Amino acid sequence: MAFTSYMSAALEQARAAALRGEVPVGAVIVGPQGQIVAAAGNRTRELNDPTAHAEMLAIRAACDAVGSERLGGHALYVTLEPCAMCAGAIAAARIARLYYGASDPKSGGVAQGARVFSHPQCHHVPEVYDDIAGQEAQAMLTDFFAGKRKG
């Protein structure tokens, strides 16, 4: 089976988040047969919820859609390296593969900072692929924050 990237759908979610005034992070969860099961962008400001990261919202929606708290065989595409909270949720949901765009030296929890999946108490470690459309994802974040500093 040929690899198909769904990062463009995650980038669409990130662009929509930016238009709402949210940090432009988007996520999609893809089922074992290659169908998008859930898609979300950051909504922390809109929902007044610090846990409303794109990954968390997508995981909640995907679990609801499949009727299980486990997403074995599913893949998560997210435009920014997940933070420690999101990495913990990815492990708890048993997501099989994580594809992310830009690295997050400040708040990342996968390759940076907490490195949740490397911790001995992590009960599930997905396959991790980084720098998928990383330059585009990073440019979107850079432009967003540059606009905030000007305004």
Side-chain angles (χ1 to χ4, degrees), residues 1-20 22-44 49-145:
M1 186 166 143
F3 172 74
T4 301
S5 176
Y6 293 83
M7 190 59 79
S8 61
L11 288 163
E12 287 177 29
Q13 292 294 320
R15 282 188 280 278
L19 291 173
R20 294 190 303 272
E22 301 278 357
V23 174
V25 177
V28 296
I29 296 183
V30 178
Q33 277 66 54
Q35 75 286 15
I36 294 178
V37 177
N42 275 357
R43 291 187 180 274
T44 58
D49 180 354
T51 70
H53 290 194
E55 303 95 304
M56 299 295 280
L57 297 172
I59 289 169
R60 290 176 191 149
C63 287
D64 187 51
V66 302
S68 174
E69 76 281 10
R70 303 279 168 87
L71 297 170
H74 289 69
L76 169 63
Y77 288 80
V78 62
T79 58
L80 181 64
E81 176 184 351
C83 69
M85 172 185 69
C86 293
I90 291 163
R94 307 294 201 279
I95 290 173
R97 290 169 309 287
L98 166 64
Y99 301 90
Y100 69 86
S103 293
D104 188 354
K106 181 180 173 204
S107 300
V110 176
Q112 316 284 330
R115 295 187 176 118
V116 170
F117 302 136
S118 299
H119 196 280
Q121 289 179 315
C122 184
H123 54 274
H124 171 77
V125 178
E127 294 174 31
V128 177
Y129 303 92
D130 63 353
D131 199 26
I132 308 296
Q135 287 183 303
E136 186 176 353
Q138 184 62 53
M140 193 180 311
L141 288 159
T142 300
D143 292 348
F144 177 81
F145 286 112

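Owing to the predicted nature of the structure, the values given are computational and were not obtained by experimental measurement.
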Does either side chain, that of R60 or that of T51, offer a donor lying less than 3.5 Å from an acceptor on the other one? yes
Please check this pair: side chain of E81 against backbone of Q112, looking for a donor-acceptor N/O pair closer than 3.5 Å. yes
Looking at every heavy atom in both A58 and A38, which two are closest together, and how far apart are they? O-CB, 3.4 Å
All heavy atoms of I29 vs all of A62, minimum pair found to be CD1-CB, 3.7 Å
Any ring pair (Phe, Tyr, Trp, His ring centres under 6.0 Å) pairs touching residues 60-105, not counting sequence neighbours? F3-Y99, Y6-Y77, Y77-Y99, Y99-Y129
How long is the gap from CG on L141 to CD on E136, to the nearest 0.5 Å? 11.0 Å
Can you tell me how far the CG atom of L71 sits from the NE2 atom of H124, to the nearest 0.5 Å? 9.5 Å
Atom of P24, atom of A18 and distance for their closest heavy-atom approach: CB-CB, 3.8 Å
Listed pairs under 3.5 Å, donor-acceptor, residues 101-110 side chains, sequence neighbours left out:
{"residue": "D104", "atom": "OD1", "partner": "K106", "partner atom": "N", "Å": "3.2"}
{"residue": "D104", "atom": "OD1", "partner": "S107", "partner atom": "N", "Å": "3.0"}

Specify the closest pair of heavy atoms between G73 and A96, including all atoms of both residues, with the distance to one decimal. N-CB, 3.8 Å
With sequence neighbours excluded, tell me which residues meet salt bridge (charged side-chain N to carboxylate O under 4.0 Å, His left out) with R97. none
CA sep, side-chain torsions, deciding dist, call: R43, D49, side-chain contact (heavy atoms from CB on, under 4.5 Å): CA-CA 8 Å; R43 291 187 180 274; D49 180 354; over 6 Å; no
Just by distance, do the side chain of Q35 and the backbone of Q33 share a donor-acceptor pair under 3.5 Å? yes
Would you check if the side chain of T79 reaches a backbone N or O of L11 as a donor-acceptor pair within less than 3.5 Å? no
Any donor and acceptor pair, going by atom type alone, linking the side chain of N42 with main-chain N or O of V23 inside 3.5 Å? yes
Has the side chain of H53 got a donor or acceptor atom that lies under 3.5 Å from a matching backbone atom of E55? no
Atom pair CD1/CD1 of I95 and I59 - distance to nearest 0.5 Å: 4.0 Å
Mind checking the CZ-CE spacing from R15 to M140? Nearest 0.5 Å is all I need. 4.5 Å
Shortest non-hydrogen separation from V25 to A54 and the atoms involved: O-CB, 3.5 Å
If you draw a 6.0 Å radius around CD in Q135, do more than 12 non-hydrogen atoms from other residues or ligands fall strictly inside? no
Looking at every heavy atom in both T44 and P50, which two are closest together, and how far apart are they? CG2-O, 4.1 Å
